[in-house]
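Notes follow once the structure below has been shown.
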2 protein chains.
Amino acid sequence: MNPPPAQPPSIDIQSLSRSCNQTLILSTLASGPHHGYQLALEIEGRSSGAFRFQHGTLYPILHKLESQGLIRGDWLEERSRRRRKSYRLTAAGRQYLKEQTAGWRDFFDRFFDVVEGRSR
Amino acid sequence: MNPPPAQPPSIDIQSLSRSCNQTLILSTLASGPHHGYQLALEIEGRSSGAFRFQHGTLYPILHKLESQGLIRGDWLEERSRRRRKSYRLTAAGRQYLKEQTAGWRDFFDRFFDVVEGRSR
DNA sequence: TACTATATATAGAGACGCGATATATTGAAA
DNA sequence: TTTCAATATATCGCGTCTCTATATATAGTA
């Protein structure tokens with residue numbers, strides 16, 4: 001009999017921070033288009049200040065998500081307003097968000113199994 | 001009336017990976033002394049292979065935890081055996097583990113509040 | 001006029017996990 | 001007897017990522 005195959009980690013520990021940031025952003029975009037600055041405010045508000053995005057963190061992530069085709073940004077042209085870029089989820093982004101969310105659920109289950117000794 | 005003070009994040013997103021690894025190790029040591037190699041095997045087994053420690057990850061973390069006084073390592077001298085270093089939790093480590101575990105619970109709650117839109 | 005909030009962008013610094021590599025012993029298989 | 005795998009610890013360098021700081025620009029308010 002073969003041993004059960006080892007389960008690959010649902011979320012790569014190496015990229016926990018990146019995945020966390022991406023998932024927070026994508027899930028906020030799931031409720032409708034936002035521009036960058038607005039995303040940071042919304043996430044901060046929704047988490048009662050627990051999750052805060054520095055600008056140097058936020059914009060590179062948005063650029064990367066866009067280059068990966070997970071979100072799409074369009075410049076809004078409004079007079080008497082600083083130009084803003086409105087981001088929205090693509091179909092691929094919506095699918096990716098779904099997978100990431102499931103991955104985080106799985107990660108937490110396994111994590112607390114180990115930490116709280118439920119698997120002993 | 002003042003707005004409620006923004007809650008600082010329970011677990012720093014920047015150091016999610018580090019905190020995750022530390023907490024997995026400390027919680028395993030809470031059940032008794034282990035040496036490094038044994039820790040990796042135990043955590044891998046307890047998580048059905050989800051959490052795996054590469055050597056280049058494990059040993060630097062152990063050294064750091066020891067230098068911070070959260071764990072203490074003692075060389076075991078046994079003839080006819082490769083030398084092993086047995087680690088155990090210090091009182092400070094036990095306290096730190098408690099805080100980290102609570103922090104992760106809190107992080108988990110807030111994270112899914114945002115991701116699943118419970119705070120909207 | 002000056003400051004704050006809005007709004008986006010990037011360069012540089014520091015931290016950290018991982019793969020590769022090194023060293024050493026023991027026991028089992030060929 | 002030789003070779004291989006498992007046990008056991010350690011470190012270097014690479015790539016990646018977040019943060020701080022800085023730059024730029026506009027609108028509204030004190």
Side-chain angles (χ1 to χ4, degrees), chain A residues 3 6 8-9 11-25 33-45 50-68 71-87 100 107 111, chain B residues 3 6 8-9 11-25 33-45 50-68 71-87 107:
Chain A
I11 298 277
D12 189 15
I13 291 193
Q14 187 181 194
S15 46
L16 266 191
S17 304
R18 195 192 59 206
S19 167
C20 174
N21 284 331
Q22 285 181 346
T23 306
L24 288 173
I25 289 171
H34 291 68
H35 61 266
Y37 193 82
Q38 192 184 8
L39 271 170
L41 293 179
E42 173 108 357
I43 293 171
E44 183 172 344
F51 300 125
R52 244 171 247 168
F53 280 89
Q54 307 299 327
H55 296 170
T57 304
L58 178 66
Y59 292 106
I61 293 177
L62 289 175
H63 300 160
K64 190 174 180 187
L65 288 173
E66 191 176 16
S67 78
Q68 290 174 144
I71 64 177
R72 186 180 140 184
D74 299 292
W75 285 105
L76 299 180
E77 290 305 333
E78 300 159 281
R79 53 207 161 296
S80 82
R81 256 257 173 232
R82 197 196 184 313
R83 76 200 208 290
R84 297 182 296 176
K85 199 171 183 180
S86 179
Y87 289 102
Q100 288 290 106
F107 168 79
F111 180 77
Chain B
I11 298 277
D12 190 14
I13 292 191
Q14 185 182 196
S15 46
L16 267 192
S17 305
R18 196 192 58 205
S19 168
C20 174
N21 284 332
Q22 285 182 346
T23 305
L24 288 173
I25 288 171
H34 292 67
H35 60 267
Y37 193 83
Q38 192 184 11
L39 273 170
L41 293 179
E42 173 109 0
I43 292 171
E44 183 172 344
F51 299 124
R52 244 170 247 165
F53 280 89
Q54 307 298 325
H55 298 169
T57 305
L58 178 65
Y59 293 105
I61 293 178
L62 290 174
H63 300 160
K64 191 175 181 187
L65 288 173
E66 190 176 17
S67 79
Q68 290 174 144
I71 64 177
R72 188 181 139 183
D74 299 292
W75 285 105
L76 298 181
E77 289 306 333
E78 299 160 280
R79 52 208 161 293
S80 82
R81 254 255 174 236
R82 191 176 184 333
R83 75 201 208 289
R84 296 182 297 177
K85 201 171 183 180
S86 178
Y87 289 101
F107 170 80

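All chains are named by letter (A, B, ...) in the order of the sequence lines, taking the proteins before the strands, and each is independently numbered beginning at 1.
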Report, one pair per line, the protein and nucleotides 14-17 of chain C atoms (nitrogen or oxygen only) whose separation is under 3.5 Å.
residue	atom	partner	partner atom	Å
C/dC16	OP1	B/Arg18	NE	3.3
C/dC16	OP1	B/Arg18	NH1	2.2
C/dC16	OP1	B/Lys64	NZ	3.2
C/dC16	OP2	B/Lys64	NZ	3.3

Check: Taking only residues two or more places apart in sequence, or in another chain, which ones meet B/Ser19 in a side chain to side chain donor-acceptor pair (under 3.5 Å)?
Finding: B/Gln100, B/Trp104
Notebook entry, point to check: In chain order, what residues pass the side-chain contact (heavy atoms from CB on, under 4.5 Å) check against A/Gln68, with sequence neighbours excluded?
Noted result: A/Gln22, A/Lys64, A/Leu65, A/Leu70
Next item on the list: Could you check how far CG of B/Leu58 sits from P of D/dA10, rounded to whole Å?
Entry: 10 Å
Notebook entry, point to check: Looking at residues at least two apart in the chain, or sitting in another chain, which of them share a side-chain contact (heavy atoms from CB on, under 4.5 Å) with B/His34?
Noted result: B/Thr28, B/Leu29, B/Ser31, B/Gln38, B/Leu39, B/Glu42
Note to self: Is there a side-chain contact between A/His55 and the phosphate of C/dA7, meaning an N or O under 4.0 Å from OP1 or OP2?
What the structure shows: no
Check: Please give, in whole Å, the distance from D/dA8 P to B/Trp75 CH2?
Finding: 12 Å
Next item on the list: Give a yes/no on whether any side-chain N or O of B/Tyr59 is located under 4.0 angstrom from OP1 or OP2 of D/dA10.
Entry: no
Notebook entry, point to check: At under 4.0 Å between heavy atoms, what does A/Gln54 touch on the DNA or RNA strands: base, sugar-phosphate, or nothing?
Noted result: base
Note to self: Need one value for B/His63: base, sugar-phosphate or nothing, where a base atom within 4.0 Å counts as base even if backbone is also close, heavy atoms only.
What the structure shows: sugar-phosphate
Margin query: Centre-to-centre under 6.0 Å for A/Tyr59 and A/Tyr37, is that the case here?
Written below: no
Notebook entry, point to check: Got a sec, which residues hit side-chain contact (heavy atoms from CB on, under 4.5 Å) with B/Leu76, two or more places apart in sequence or on another chain?
Noted result: B/Glu78, B/Arg84, B/Ser86
Notebook entry, point to check: Are OP1 or OP2 of D/dT9 and a side-chain N or O of B/Tyr37 less than 4.0 angstrom apart?
Noted result: no
Checklist line | Nearest-nucleotide 5' precedence on DNA chain D, B/Tyr87 against B/Leu41 | finding: B/Leu41
